[in-house]
Undergrad: 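Handing you a structure now.
FYI, the numbering just counts along the sequence from 1. In this text, all values refer to a predicted model and were calculated from it rather than measured experimentally.
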Amino acid sequence: MVSVNRPSRGYRVFQGVNGVILTLVVVVTLYPFLNIVARSFSGERQIRAGEVTLWPKGFNLTTYKIVFQDSMFWRNYGNTVFYTVVATAVAMVLTTCYAYVLSKRHLKGRTALVGIAVFTMFFTGGLIPHYVLITSLGLKNSVWAIALPNAISVFNLLVMKAFFESLPADLEEAAQIDGLSTYGILLRIVLPLSKAVVATMVLFYSVSFWNSWFSAFLYMDRTDLMPVTVYLRNLIQGATGGGNAGAATEQLSQVGANIQAVTIVLTALPILCVYPFVQRFFVSGVMLGAVKG
């Protein structure tokens, strides 16, 4: 007979309490988003009366139809995809190279380079100098006005630096003996071992650029170059502004009632679709470099 160790009563109580607490956390986390989705499909009267909770009431697609039938929406949506892909690629190249350099303890001037990066976390030039710089460089109305000023997040940089420092130095030394150059070591040895942190940083940067609207609002003068976040901001402003109150129609009232909910759903949906494929790298990518054995 093989004896099986049954969990103690205290451990079973502990598991039960954990299950209840985690269930409550999930409910509290999901409720606001489900409420937003329900509001986006609900009628104006039900929304204003506060009758919408988890299920749509007075089912209505007016706002979705107005948004989807506008060709400018799809143009701006395509701009957002393009800006996010380009800006994320630029940010990953620069952050990865900078973090790899800072991970070398024998590098002369390493402390100064780290200090320069950390300094920018607390001090910036200000909005007006940024605008003057972007304008003088001729970057307005281009993807570079969005990608370059936000190319390196210092938090992401320090996380990648810590991750690279945790990799065995013997691997790089062996690669050097085999004749690999610095770039060869980075591309063929370091990056294949860093899939977790790379995927995590891609997620961080993608979400940041996807949700960004202020840079485009400042540096884009043409509506056909705007990202979808600026388009939806303008739609909210037009639907909820008080200047058109005298000319308000039933359709405009419906748009004003649930435009914020529709906006949140449309901007969050692509990220929610991508996140499950990256989530498995998230914890290991952020924490691995910070845990010392």
Side-chain angles (χ1 to χ4, degrees), residues 32-49 51-52 54-89 131 134 139-147 149-150 205-275:
F33 185 75
L34 293 178
N35 177 256
I36 288 294
V37 174
R39 285 168 59 91
S40 71
F41 290 102
S42 298
E44 175 204 356
R45 183 182 63 80
Q46 290 78 4
I47 294 174
R48 299 192 186 279
E51 299 176 0
V52 182
L54 295 178
W55 301 102
K57 292 189 176 181
F59 190 79
N60 197 300
L61 295 175
T62 300
T63 306
Y64 280 106
K65 289 179 180 178
I66 292 176
V67 173
F68 287 155
Q69 289 174 357
D70 189 353
S71 61
M72 187 58 67
F73 167 78
W74 295 109
R75 178 67 179 269
N76 292 158
Y77 217 98
N79 291 340
T80 298
V81 174
F82 176 70
Y83 296 158
T84 300
V85 171
V86 173
T88 301
Y131 183 84
I134 295 299
L139 300 180
K140 287 189 64 177
N141 294 317
S142 71
V143 64
W144 308 116
I146 297 175
N150 305 300
Y205 277 122
S206 298
V207 172
S208 175
F209 288 119
W210 182 272
N211 293 327
S212 175
W213 68 274
F214 191 63
S215 295
F217 184 73
L218 283 178
Y219 305 129
M220 301 293 183
D221 296 333
R222 294 163 44 188
T223 56
D224 61 320
L225 296 177
M226 298 289 186
V228 72
T229 47
V230 177
Y231 170 90
L232 294 173
R233 173 208 174 265
N234 294 338
L235 189 60
I236 291 175
Q237 189 177 39
T240 59
N244 296 330
T249 62
E250 181 180 350
Q251 186 181 63
L252 183 59
S253 298
Q254 172 62 39
V255 173
N258 67 351
I259 181 60
Q260 293 181 348
V262 171
T263 300
I264 294 173
V265 172
L266 292 178
T267 54
L269 187 60
I271 297 299
L272 291 177
C273 293
V274 171
Y275 186 79

Undergrad: Output, in order, the C-alpha distance, side-chain angles, deciding distance and verdict of side chain to side chain contact (heavy atoms under 4.5 Å, CB included) for Gln46 and Phe59.
TA: CA-CA 10 Å; Gln46 290 78 4; Phe59 190 79; over 6 Å; no
Undergrad: Provide the closest heavy-atom pair for Ile146 versus Phe209 in the form atom of the first, atom of the second, distance.
TA: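 Scanning both residues completely, I find the closest heavy atoms to be O-CE2, 3.8 Å.
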Undergrad: For the CH2 atom on Trp144, are there more than 12 heavy atoms of other groups (residues, nucleotides or ligands in this structure) within a distance under 6.0 Å?
TA: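 Result for CH2/Trp144: open.
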Undergrad: Which pair of heavy atoms, one from Asn76 and one from Tyr231, lies closest together, and at what distance?
TA: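 In terms of heavy atoms, the two residues are closest at OD1-CB, 3.3 Å.
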Undergrad: When you look at CZ of Phe33, are more than 12 heavy atoms from neighbouring residues, nucleotides or ligands closer to it than 6.0 Å?
TA: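 Yes, enclosed.
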Undergrad: Mind checking whether Tyr77 and Trp74 have parallel, tilted or perpendicular rings, split at 30° and 60°?
TA: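 Rings of Tyr77 and Trp74: tilted, 30 to 60°.
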Undergrad: Return the OG1 to CG distance between Thr263 and Asn258, rounded to the nearest 0.5 Å.
TA: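 Those atoms lie 9.0 Å apart.
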Undergrad: Where do Met220 and Met226 come nearest, in terms of heavy atoms and distance?
TA: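 Heavy-atom minimum between the residues: O-CE, 3.1 Å.
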Undergrad: Of all the heavy-atom pairs spanning Tyr64 and Ser40, show the shortest one and how long it is.
TA: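 Smallest heavy-atom distance, with atoms named: OH-OG, 2.9 Å.
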Undergrad: Which heavy-atom pair separates Glu51 from Lys57 by the least distance, and what is that distance?
TA: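 Where Glu51 meets Lys57 most closely, the heavy atoms are O-NZ, 3.3 Å.
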Undergrad: Where the side chain of Ser212 meets the backbone of Ser208, is there a donor-acceptor pair that is under 3.5 Å apart?
TA: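 Checking the backbone N and O of Ser208 against the side chain of Ser212, no donor-acceptor pair under 3.5 Å is found.
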Undergrad: To the closest 0.5 Å, what do you measure between CG (Asn211) and CD1 (Ile271)?
TA: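 These two atoms lie 6.5 Å from each other.
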Undergrad: Quick check: closest heavy atoms across Asn60 and Ser42, and the distance to 0.1 Å?
TA: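 Reported closest heavy-atom pair: CB-O, 3.7 Å.
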Undergrad: With distance as the sole test, does Asn79 use its side chain to make a donor-acceptor pair with the main-chain N or O of Asp224 at under 3.5 Å?
TA: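 Side chain of Asn79 to backbone of Asp224: a pair is present.
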Undergrad: To the nearest 0.5 Å, tell me how far Tyr131 OH sits from Ser215 OG.
TA: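 Between Tyr131 OH and Ser215 OG, I get 12.5 Å after rounding to 0.5 Å.
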Undergrad: Using 0.5 Å steps for rounding, measure from the OH atom of Tyr205 to the OG1 atom of Thr84.
TA: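 That separation rounds to 14.0 Å.
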Undergrad: Got more than 12 heavy atoms from elsewhere within 6.0 Å of CZ, Phe68?
TA: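 Yes.
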